[in-house]
Student: 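Would you mind keeping the following structure in view while I ask a few things?
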Amino acid sequence: MDTTIVAAVAEKDALSGLPTEWQVILAMCAPPGGLAVAEIAARMHMRLTPMTLLLGELADRGLIHHRPPLEGAETTNVHLLMRIRDNLARI
């Protein structure tokens, strides 16, 4: 769960009535990227369990969406990395 990626769904102008803590989290997780649960907890100086509960509340309200981390095969393409290395060496 700590490597699950969280991204905000709510628009910035829709955040005004939300608790400050929620607004900070949603701003951190602004699209297109998002952050891992562990990184959000670290930035907010919270333990993982309370952060997980807080993110669950945001998800229940439709303010965030989450996805599991990418598998190793999806993030590591050795041939692509070698081409990038070779092209950087030419610079």
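For clarity, every value in this text was computed on a predicted model and none was experimentally measured.
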Student: Working to the nearest 0.5 Å, report the span between CG of L48 and CG of L55.
Tutor: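 These two atoms lie 9.5 Å from each other.
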Student: Of all the heavy-atom pairs spanning L35 and M28, show the shortest one and how long it is.
Tutor: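 Of all heavy-atom pairs spanning L35 and M28, the closest is CD1-O, 3.6 Å.
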Student: Considering residues at least two apart in sequence or located in another chain, which fulfil the side-chain hydrogen bond (donor to acceptor under 3.5 Å, both in side chains) criterion with R43?
Tutor: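 side-chain hydrogen bond (donor to acceptor under 3.5 Å, both in side chains) check on R43 returns E39.
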Student: Can you give me the closest heavy-atom contact between I40 and C29, atom names plus distance?
Tutor: CD1-SG, 3.4 Å
Student: Which value, rounded to the nearest 0.5 Å, describes the distance between T52 atom OG1 and M46 atom CE?
Tutor: 9.0 Å
Student: Say you draw a straight line from CG of L26 to CD1 of I64; how long is it, rounded to the nearest 0.5 Å?
Tutor: 7.5 Å
Student: Can you see which heavy atom on V6 is nearest to which on V37, and at what distance?
Tutor: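 Shortest heavy-atom separation between V6 and V37 comes out as CG2-CG2, 3.8 Å.
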Student: I need the minimum non-hydrogen distance between H66 and A59, along with the two atoms involved.
Tutor: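 For H66 and A59, the tightest heavy-atom pair comes out as CD2-CB, 4.3 Å.
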Student: Does any pair with a residue in residues 21-33 pass side chain to side chain donor-acceptor pair (under 3.5 Å), and if so which ones, sequence neighbours excluded?
Tutor: none
Student: How about L18 and L63: do any of their side-chain heavy atoms sit closer than 4.5 Å?
Tutor: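 Yes - at least one pair of side-chain heavy atoms lies under 4.5 Å apart.
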Student: Who are the salt bridge (Lys or Arg N to Asp or Glu O under 4.0 Å) partners of R61, not counting sequence neighbours?
Tutor: E57
Student: Nearest 0.5 Å, please: how far is NE2 in H65 from CZ in R67?
Tutor: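 It comes to 7.5 Å.
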Student: Give me the atom names and distance for the closest heavy-atom approach of P31 to A8.
Tutor: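 So the minimum-distance heavy-atom pair works out to CG-O, 3.3 Å.
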